[in-house]
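To start, the structure under review is shown below, and the notes come after it.
None of these values were measured; they are calculated from a predicted model. Note that these values count all heavy atoms, side chains included, but never hydrogens, waters or copies made by symmetry.
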Amino acid sequence: MQLQLIPTASRPPSQFLLDVWEGLSEAPKRVPCKYFYDARGSQLFEDICALDEYYLTRTELAIMRRFANEMGQQIGPGVMLVEYGSGSSLKTRLLLDQLQEPVAYVPVDISGQHLQETATVLAGDYPDVEILPVCADFMDQIQLPESRRLATHAAVFFPGSTIGNLLPSEARQLLHNIAQLCGRGGGLLIGIDLQKSPQIIEAAYNDRQQVTAAFNLNLLRRINRELDGEFDCEYFQHVAFYNPELGRVEIFLESTRDQTVRVRDREFHFDTGERIHTEYSHKYTIDQFAALAAQAGLTLRKSWTDPLEHFAVLHFALL
């Protein structure tokens, strides 16, 4: 079954190059973390999720397996379920299986090929749910597609603690966009990583097998391959640490020598020890995140955590 992707305002084909040029021209240098996920990067991230040190994915899955029925009841019947960054469909299936008469499922993802593949498989497995894939960056304003049946309300499903990659100001804006998208009576089911021992957090981003390091360095390899970059990955190293004052993991690629790197027809100089910022991963308390969401008009209705309180899944409503 071939599903039609819902078109949205598309980014120029050269946006990756423009973002890299802009980011490497800044001080400090940076490259947006959304560019981690080429085919190799996506595979490496799946490998990260299976690591002993990386508690996030398995902990969220355990919470959903235990409480998916309660989550479905909180969301309510007749929903149009919108998932941001559709990724793996395992968590999606756990939720869809517990929803009462869902009208439609709207996966939103920036990767059109991956989105099409995921949507096609789900359409075959859930014939009573209309699948309406939208190829878009969820940080942009998104229009809900029209479904054949009228939904009672819309709800966004945003698992994986991806919102932790955003600065609080960016997260606040995204939550505001979600509230506008769903409208009065809508909801949000979201996963967040909780504040805990810095040792546990830092180990998740500095695994013994160095898979996370390979994932980070793959960003440079992607720039080399797709943008005619000339990064020598032997002279960059992965750096990740927890900043307790700001409640976040800060991730960088650090130059191990003075060097000049060309990307297409521009050159960028690196001093020894100079870093490219590639990702943040903010950790919240439930109260902190509820206060942030309240600024967007979202009210916390229910929360679920694991026994160690390492991770939480929260349900918000727009009353």
| request: Take Gln288 and Gln195 through the test side-chain hydrogen bond (donor to acceptor under 3.5 Å, both in side chains) and record every step on the way to the result. | output: CA-CA 10 Å; Gln288 282 175 341; Gln195 293 185 1; 3.3 Å; yes
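- Donor-acceptor pairing under 3.5 Å is lacking for the side chains of His310 and Thr59.
- Cluster partners of Tyr235: none. The rule joins Ile, Leu, Val, Met, Phe, Trp and Tyr whenever side-chain heavy atoms lie under 4.5 Å apart, and it links nothing here.
- Every residue was checked against the side-chain hydrogen bond (donor to acceptor under 3.5 Å, both in side chains) condition with Arg149, not counting sequence neighbours, and none meets it.
- Among residues at least two apart or in separate chains, there is no ring pair (Phe, Tyr, Trp, His ring centres under 6.0 Å) pair with a member in residues 191-211.
- Partners of Phe270 according to the ring-ring contact (aromatic ring centres under 6.0 Å, His included) rule, which considers only residues two or more places apart in sequence or in another chain, are Phe236.
- Side-chain N or O atoms of Glu83 include none that pairs as donor or acceptor with a backbone N or O of Phe157 at under 3.5 Å.
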| task | Under the side-chain hydrogen bond (donor to acceptor under 3.5 Å, both in side chains) rule, what do Tyr242 and Lys196 come out as? Steps first, then yes or no, please. | result | CA-CA 11 Å; Tyr242 182 63; Lys196 61 188 75 67; over 6 Å; no
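- Across all their heavy atoms, Ala154 and Leu144 have their closest contact at CB-CD1, 3.9 Å.
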| message | Would Asn177 and Gln141 count as a side-chain hydrogen bond (donor to acceptor under 3.5 Å, both in side chains) here? Give the steps. | response | CA-CA 7 Å; Asn177 291 349; Gln141 291 279 3; 3.2 Å; yes
| said: Using side chain to side chain contact (heavy atoms under 4.5 Å, CB included), reason through Leu253 and Gln237 one step at a time and then give a plain yes or no. | reply: CA-CA 5 Å; Leu253 290 164; Gln237 64 182 1; over 6 Å; no
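- Clustering ILVMFWY residues whenever any of their side-chain heavy atoms sit less than 4.5 angstrom apart, transitively, puts Leu292 in a cluster other than the one holding Leu167.
- Counting only distance, with no hydrogens or angles, the side chain of Thr57 and the backbone of Gly160 share no donor-acceptor pair below 3.5 Å.
- Qualifying side chain to side chain contact (heavy atoms under 4.5 Å, CB included) partners for Glu226, counting only residues two or more places apart in sequence or in other chains: Phe16, Asp38, Arg222.
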| Steps toward side-chain hydrogen bond (donor to acceptor under 3.5 Å, both in side chains) verdict (Glu279, Asn165) | CA-CA 6 Å; Glu279 188 173 42; Asn165 298 144; 3.1 Å; yes
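- Evaluation of the side-chain hydrogen bond (donor to acceptor under 3.5 Å, both in side chains) rule for Glu234 yields no partner, not counting sequence neighbours.
- Residues satisfying the side chain to side chain contact (heavy atoms under 4.5 Å, CB included) test with Lys302, not counting sequence neighbours, are Glu70, Gln74, Trp304.
- Between Asp128 and Glu101, every side-chain heavy-atom pair lies at or beyond the 4.5 Å cut-off.
- Residues that satisfy the side chain to side chain contact (heavy atoms under 4.5 Å, CB included) test with Ser161, not counting sequence neighbours, are Leu56, Asp193, Phe311.
- At least one side-chain heavy atom of His153 sits under 4.5 Å from a side-chain heavy atom of Val79.
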Name the atoms and distances for all side-chain donor-acceptor pairs under 3.5 Å in residues 178-189, with sequence neighbours left out.
from: Arg184; atom 1: NE; to: Leu319; atom 2: O; distance (Å): 3.1
from: Arg184; atom 1: NH1; to: Leu319; atom 2: O; distance (Å): 2.0

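- Across His282 and Tyr280, no two heavy atoms sit closer than the pair CE1-CB, 3.7 Å.
- In this structure, CZ in Arg58 is found 12.0 Å from CD1 in Ile63, a value given to the nearest 0.5 Å.
- Atom-to-atom distance recorded for Leu24:CG and Asp19:CG is 10.5 Å, nearest 0.5 angstrom.
- Side-chain N or O atoms of Asp109 include none that pairs as donor or acceptor with a backbone N or O of Leu115 at under 3.5 Å.
- Applying the ring pair (Phe, Tyr, Trp, His ring centres under 6.0 Å) test to every pair with at least one member in residues 117-149, sequence neighbours left out, gives these pairs: Tyr84-Phe138, Phe138-Phe158.
- Cluster partners of Phe252, by chain and number: Val239, Phe241. The rule joins Ile, Leu, Val, Met, Phe, Trp and Tyr whenever side-chain heavy atoms lie under 4.5 Å apart.
- In this structure, the side chain of His277 does not engage the main chain of Pro32 through any donor-acceptor pair within 3.5 Å.
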| request: Evaluate the side chain to side chain contact (heavy atoms under 4.5 Å, CB included) criterion for residues Leu300 and His315: first the C-alpha distance (whole Å), next the side-chain angles of each, then the deciding distance (0.1 Å), finally the verdict. | output: CA-CA 6 Å; Leu300 180 63; His315 180 254; 5.9 Å; no
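- One distance of note links CG of Leu81 with CG of Leu95; it measures 5.5 Å at 0.5 Å rounding.
- A distance of 11.5 Å separates CZ in Phe215 from CG in Asp207, rounded to the nearest 0.5 Å.
- Residues Val103 and Val129 are not in side-chain contact: their nearest non-hydrogen atoms beyond the backbone lie 4.5 Å or more apart.
- Counting heavy atoms of neighbouring residues, nucleotides and ligands inside a 6.0 Å radius, atom CD of Glu146 does not exceed 12 of them.
- Taking every heavy atom of both residues into account, Ile286 and Leu194 meet most closely at CG1-CD2, 3.9 Å.
- Contact of the Pro133 side chain with the Ile131 side chain is registered, since non-hydrogen atoms from C-beta on lie closer than 4.5 Å.
- Between the CZ atom of Phe289 and the OG atom of Ser303 there is a distance of 12.5 Å, given to the nearest 0.5 Å.
- Between Val249 and Glu202 there is no side-chain heavy-atom pair separated by less than 4.5 Å.
- The side chain to side chain contact (heavy atoms under 4.5 Å, CB included) test applied to His238 returns Asn206, Thr212, Ala213, Asn216, Ala240, Ile251, not counting sequence neighbours.
- Remark: side-chain polar atoms of Asn243 are paired, donor with acceptor, to backbone N or O of Leu246 under 3.5 angstrom.
- Residue Glu130 holds its CD atom at 7.0 Å from CE of Met80, rounded to the nearest 0.5 Å.
- Between Glu170 and Arg172 there is no salt bridge, since no side-chain N of the basic residue sits under 4.0 Å from a carboxylate O of the acidic one.
- Looking only at atom types and distance, the side chain of Ser255 has a donor-acceptor partner in the side chain of Gln259 under 3.5 Å away.
- A salt bridge is defined here as a Lys NZ or Arg NE, NH1 or NH2 lying under 4.0 Å from an Asp or Glu carboxylate O, and Glu274 with Lys29 meets this definition.
- Judged by distance alone, with hydrogens and angles left aside, the side-chain atoms of Ser281 form no donor-acceptor pair with the main-chain N or O of Gly164 at under 3.5 Å.
- Using a 4.5 Å heavy-atom cutoff, the side chains of Val31 and Phe36 are not in contact.
- Of the possible donor and acceptor atoms, one in the side chain of Asn224 sits under 3.5 Å from a partner among the backbone N and O of Phe231.
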